[in-house]
Every structure is written in C-alpha cells, then in structure tokens.
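Computed from a predicted structure; not experimentally measured. Note on naming: letters A, B, ... go to the chains in the order of the sequence lines (proteins, then strands), and numbering restarts at 1 for each one.
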Amino acid sequence: MPELLKVSITEDINRRSGASLRIIVPMKQVPDMRQVKFDTEKGKVDRSSAAAEINPFDLHALETAVQLKEKLGAAVTAISMGPRRAEVALRDALARGADSAVLLEDSKFAGADTLATSYTLACAIRKLGGFDLIICGEKTVDGDTGQVGPELAEHLNIPHLAYVSKLVEAGEKLVAVCDMEGEAHIVEASLPVLLMVTKDINIPRLPTFRDKAMARKAEVTIWNAEELSSFADPSRFGIEGSPTRVRKVFLPSEEGRKGKIFRNTNEEAISDVAQAILDFLG
Amino acid sequence: MEGESYRGIWVFAEQRQGKLKDVAYELLAKGRELASALKTEISAVCLGYGIDEVDKLIAHGADKVYLVDSPELADSQEDLYTHELVKLIREHKPEIVLAGATAFGRAVIPRVAAILKTGLTADCTGLDIDADKRLLLQTKPAFGGNVMAVITCPAGRPQMATVRPRVFKKNPPDGTRKGEIVKVDFDREGVTSRTRLLQFVEDITERIRIEEADIIVAGGRGLGDGKNFDMLWELASVLGAAVAASRPAVDEGWVPYSHQVGQTGKTVCPKLYIAVGISGAVQHLVGMQTSDIIVAINDDPNAPIFEVATYGIVGDLFKVVPMLIDKLKNR
C-alpha cells in the first residue's frame, strides 16, 4: 500500500507537546472461551465452569496504552465494572503495565446493558478527573457487541476513532490509521479522544513473574454506586438504567446440521460432495 | 407510555462515496415485513454527498426517503452523522431504527443510541415483531455464536438494531413502486466535526474480502506450509471464493491476519465454507459455524470440525482437494 506513505507514518510515534498523557483503558473480565460450558438443555451459559481472563481484545488496548507510556510518558488507569472477582483481571492489567486500577462494584450495577455500562464507566471516568485518551478493545468475546466504546465516547462528549490499526502521531492532536472495511482512513482527531483499536495494532506482552508479584500487592481502588453519586444519576445504573431486556436465551439447534461424513476418500465420495456443492450454489 | 407517539420503521441507508451499500436494500426487505406486522410505513434515511440512485431505495421497498445530501457529509464524519441522525429521529420519532453492522454503522449508531438514551442490539441475525406490544424481537448471537439471545427494548424509543450485511436477502427492485423523496438541509448549526479525514486508501486488503464473500475456502495447520495455500487459491478461483485461514495458519505467517476467521479474527457467515486441514478448535468454530453449508476436509476422523460439517471428507487433503477442484471444473 504505497499510497499510505504520502503521510509520514513513522514506526515511533511523534510527540509534540510536553506533558505526560493520561490514558484510561476500560476492560472486562470474561470467561475463557476454551473452558466455558453451554448447557444445551437449559439454554444456559455456565460461566463458573471456566477460568476468567481479561477480554483478549482489551489486551491490545492496554498494550497500546503501555507502549505510549514507554515512548511518551503517560499514566495508565485500567477500569472495569463487574463483581469483586474482576479484581483479578485488574491485577493482571497492573502486571502488564497499568499504573492504577479501578473496579466499579455494586449490586446496583448488575444487569447493565451497553447503555448502562457505558454510562457507569463515564461517571467513574469523570470522577477520576481529566484524561487525554481512552483506549478500548474492538469488542468483548462474550457480549460480542462492540458498543460500549462509542457509547462511552458519547456520554463523555468526546470524538471517537474506530478500528484503529496504527497510531501515527499523538500530541496536541492524534493521527491514526482506521481500517474501515478495506479502506485505510488516516484520520486526525482533537484530544481528548476515545480510540477503539483492532488486534492489528500490536502484540500484547506477557507479564513477568516479578510484575505479577508486584501486582498482587498493588492497590485496586473499588468504588460503589454511592461513591459515584455526585457524578451520576443512579437511576441510570444497572438493570434499572438499561432500556433493553433479554427475553430468551437459547442455544442454536445442533439438529439443523445433519452432517454427512464420507470416511473413504474415493472418486464417488468426492463426486457426491462436488455435486452437492454445485446443487447448493445453483 | 411515551412510545405511543413513535411510529414507523427507519433504515439507515449507508453509502460510501455516493454509492449505496447493499445492506440498505437487505434491511428494507426485512423492514417491509416488520412494517406490515405493525401496519406502519418504512422510510430510508440517507446521508452523504452526491448520492447516486436514491430512487432505488423506493424500488427496494421504502415508502419515503429522507435525503441529506451535503458536501460536509462527504467524509463520513461520525460527529456530523450522529448529530444529523439524532435531529431527524427526534423530529420524526420512528419506533424502530435499523442499520447495517458495517464498520461505520458500528461506530456511529451506538453514539446515536447513547444520546437518545435508548437500547441498541448489535449484530442481529433475526428480527421479528411482537405485534401486541409493538416490540421488536431482536435475535443476536453471543459467546461467539454459541448462544442466541432474544433482546427487546420495552423502555426506550426508537428500538435500535444493527444487522450484519448479507444476513437478510434484498428483494428484486420494483420500478413501479411509488414513494416520496424528502430532501432535508444538513443542520450545520451547533456541530463541528472533531475528526478530520486526512487521506484514505482503498482496498488495503487484496482480492475478495472474507466478510463479504458468499463462498470461503479456509485452510489451517493441516496445510503444513504456506506454499500449499496455492491449492486453496486454485479451489477458490474455481468457485469464485475468498480464502481464509485459522489462527495457527496465520500465526505461522502463511496467510495475513486480515484473512483470519475465529474468535480473535473475523466472524463470517457465507453460504458455503470449505474448511481444509482445520481441526475445528472452538475459537475457530465461533467465527464460522453460522455458515449455511460447511464442508470439512481433514485426515483426523475425530476432528471437531466434523461435528459442525454439513459434508465431511475424512482423508488426505493433498489428494482430496485436487480431486475436488477437478470435479468442480468439469461440472
């Protein structure tokens, strides 16, 4: 893609202004998809069957923040909303380079859809004070919506760059490459800005044993609904603040796919499959 | 409730460089069914600059088209689109707003929903109506397609949903349909874009993009080497297919990441997915198991890919694939 080179993309991001960046990385603890069990009969997801981990997409957001910190100087805050056990995910974030971590934990936050989740995160971010960048992952592997990032940008009334695969410049303004379905958009935004980054932007690092040990002892700030009250309308938290409802959950029927398996690779089997393909494609 | 003043269905008809995207027609086809269930009308709302063939939206089912054609909207700036869509929705109060789950749709529609304080369901694969309650029943996959959820939005209006391209089928255009095109001036007061497009480059990914392909030929670790993907490219060219890969094949550097299907790659739902030398780890299955037809070729009879396969061939892929190419060529 030689055209891209017209804008000088440097491997190392340029920094124009002096002060250190304040970066916030929202993240979610999700069940490890390799272990999670799906109860076909009850139509339920058994999250307890699986170990929990940081949503894999969020690791790329955190890595982006930590690389900016290393290159330009920044304070990185990881923030999550969830039950107390999500503290484990935040400690993992500290081990991977975040400087501080905040967990929003209250039964009043439970049952939140993306609108209530993004609203609650926005209130907590206001309570944290100023920021320059918010960096989000593309989506979560459990909810699969990708909506919390842009909704959060709107609650905070800041611009948003979606599908960022590369940062070109960060300073007074930010310049990024956004992958918009086969087109690379090179976009400039004023700060503060929310970036939603893709997996292409980096390879997240693994924490060292030393970092993990440090993180075990580090403090995770925990805020409840009461502590956000001066920045929030509490009726917008949790299920009460969620306009959507889950009416039904079911598992896609396995019966739909009555597979025909050919165990002998002979001329006839391949012909049958080829014919089936041709018939299907019409 | 307040919802009673909201009537009608809207489709956000996305365009790129003046050309309407197919997902607009697909949503109009589905939207018409929903509109008849609700005994209401359906409108398309289209923002952009120099938009071609707006009357096609009527031929594909719209009763009305709200058209905002203005040079300021040429670069798909989120801030401007969000502002204008919110203004139009507040003014006309549709009860349902549907949009394509495209990169731009996913970026701008959540912002609109956040301002309107209403619900938004991402990536719906099914839409239906509960006529008594005038509720949109939105079926969406979660946990990478392992679970389906039916979502409603009783407390917010409009009820908003995004739908992936190619989930619904468009109707053939009917040139005799009558409809109204309502030209709206862009409301430039009180909004400035905080982002600026400096440059764009088309087609950063070569050949057919896997998210848009009707047919996908995918390879995995079983290929053994990057050069063996040539065989898959040949199969793909016979079928007019795109080539995809599982994560191990991408990690080996045989195929670029933009071709990766799975939990940390793309989610695809083509008509036909041919998995070659892919064992079918759950992280791969979640990215492709909603394909209409799955053909699996693998030498391990116990490979999990066979559990989701419509047709499975247990055998040496280096023998099976050339035979298959041969049969398909001599159709």
If you compare all heavy atoms of Thr82(B) against all heavy atoms of Glu154(A), which two are closest, and at what distance to 0.1 Å?
CG2-OE1, 3.9 Å
Evaluate the side-chain proximity of Tyr163(A) to Arg106(B): yes if any heavy-atom separation is below 4.5 Å, no if none is.
yes
Between Ser190(A), Ser118(A), Pro31(A), who has the most heavy-atom pairs with chain B when the cutoff is under 4.5 Å?
Ser190(A)
Does Gly143(A) offer a backbone N or O that forms a donor-acceptor pair with the side chain of Lys140(B) under 3.5 Å?
yes
Rounding to 0.5 Å, atoms CG (Leu272(B)) and CG (Leu281(A)) come to a distance of 5.5 Å
Tell me if a side-chain donor or acceptor on Glu181(A) pairs with a main-chain N or O of Ala103(B) at a distance below 3.5 Å.
yes
Considering only heavy atoms, which portion of Asp130(B) lies under 4.5 Å from any heavy atom of chain A: side chain, backbone, both, or neither?
side chain
Just wondering, do Lys139(A) and Thr267(B) contact through their side chains at under 4.5 Å, heavy atoms?
yes
Phe280(A) side chain reached by Asp292(B) side chain, heavy atoms, under 4.5 Å:
yes
Is the shortest side-chain heavy-atom distance between Leu278(A) and Leu328(B) below 4.5 Å?
yes
Report the option among Asp272(A), Thr244(A), Val193(A) that has the most heavy-atom pairs separated by less than 4.5 Å from atoms of chain B.
Thr244(A)
Just wondering, are more than 12 heavy atoms of other shown residues or ligands nearer than 6.0 Å to CZ in Arg245(A)?
yes
Looking at Lys271(B), Lys117(B), Glu211(B), which one has more heavy-atom pairs under 4.5 Å with chain A than the rest?
Lys117(B)
Residue Leu115(A) versus chain B: region with a heavy atom under 4.5 Å:
side chain
Quick check on the interface: out of Val295(B), Thr118(B), Asp123(B), Val282(B), who has the most heavy-atom pairs with chain A under 4.5 Å?
Thr118(B)
Tell me, for Leu135(B) versus chain A, whether the close heavy atoms (under 4.5 Å) come from the side chain, the backbone, both or neither.
side chain
Residue Asn55(A) versus chain B: region with a heavy atom under 4.5 Å
neither
CD1 of Ile293(B) to CG of Asp279(A), rounded to nearest 0.5 Å, is 10.0 Å
So which of Leu137(B), Leu197(B), Thr152(B) has the largest heavy-atom pair count under 4.5 angstrom toward chain A?
Thr152(B)
Give the member of Val148(A), Thr114(A), Val30(A), Ile261(A) that has the highest number of heavy-atom pairs under 4.5 Å with chain B.
Ile261(A)
So for Phe104(B), is it side chain, backbone, both, or neither that comes closer than 4.5 Å to the heavy atoms of chain A?
both
Cut-off 4.5 Å, heavy atoms of chain B, and the answer for Leu152(A) is neither
Which heavy-atom pair separates Ala114(B) from His155(A) by the least distance, and what is that distance?
CB-CE1, 4.1 Å
So Lys199(A) and Gln260(B), do their side chains get closer than 4.5 Å, heavy atoms only?
yes
Please state whether the side chain, the backbone, both or neither of Thr145(A) comes within less than 4.5 Å of a heavy atom of chain B.
both
Sort Ile109(B) into side chain, backbone, both or neither according to what part of it lies under 4.5 angstrom from a heavy atom of chain A.
neither
Contact class of Leu174(A) relative to chain B, heavy atoms under 4.5 angstrom
neither
d(Ile277(A) CD1, Leu324(B) CG) to nearest 0.5 Å is 5.0 Å
How close do Lys327(B) and Ile270(A) get, heavy atom to heavy atom, and via which atoms?
CG-CG2, 4.0 Å
Quick one: closest heavy-atom pair of Gln147(A) and Thr121(B), and the distance?
OE1-C, 3.6 Å
Applying a strict 4.5 Å limit to non-hydrogen atoms, the region of Asn157(A) in contact with chain B is both
Chi angles and distances behind the side chain to side chain contact (heavy atoms under 4.5 Å, CB included) call for Arg16(B), Glu183(A)
CA-CA 11 Å; Arg16(B) 181 72 199 132; Glu183(A) 290 179 359; 2.8 Å; yes
Looking at Ala107(B) and Pro150(A), what are the two nearest heavy atoms and their distance?
O-CB, 3.5 Å
Can you say whether Gln159(B) sits under 4.5 Å from chain A via the side chain, the backbone, both, or neither, judging by heavy atoms?
neither
Counting heavy-atom pairs under 4.5 Å to chain B, which of Thr198(A), Leu161(A), Thr140(A), Asp200(A) comes out on top?
Asp200(A)
Heavy-atom distance under 4.5 Å to chain B: side chain of Glu138(A), backbone, both or neither?
neither
Would you call the rings of Phe262(A) and Tyr311(B) parallel, tilted or perpendicular, taking 30° and 60° as the class edges?
parallel
So how far is it from Leu120(B) CG to Glu151(A) CD, rounded to the nearest 0.5 Å?
6.0 Å
Interatomic distance, Glu188(A) atom CD to Thr195(B) atom OG1 [nearest 0.5 angstrom]
9.5 Å
Please round to the nearest 0.5 Å and tell me the distance separating atom CG of Asp113(A) and atom CD1 of Ile151(B).
8.5 Å
Which answer fits Thr139(B), side chain, backbone, both or neither, if we ask what part of it has an atom under 4.5 Å from a heavy atom of chain A?
side chain
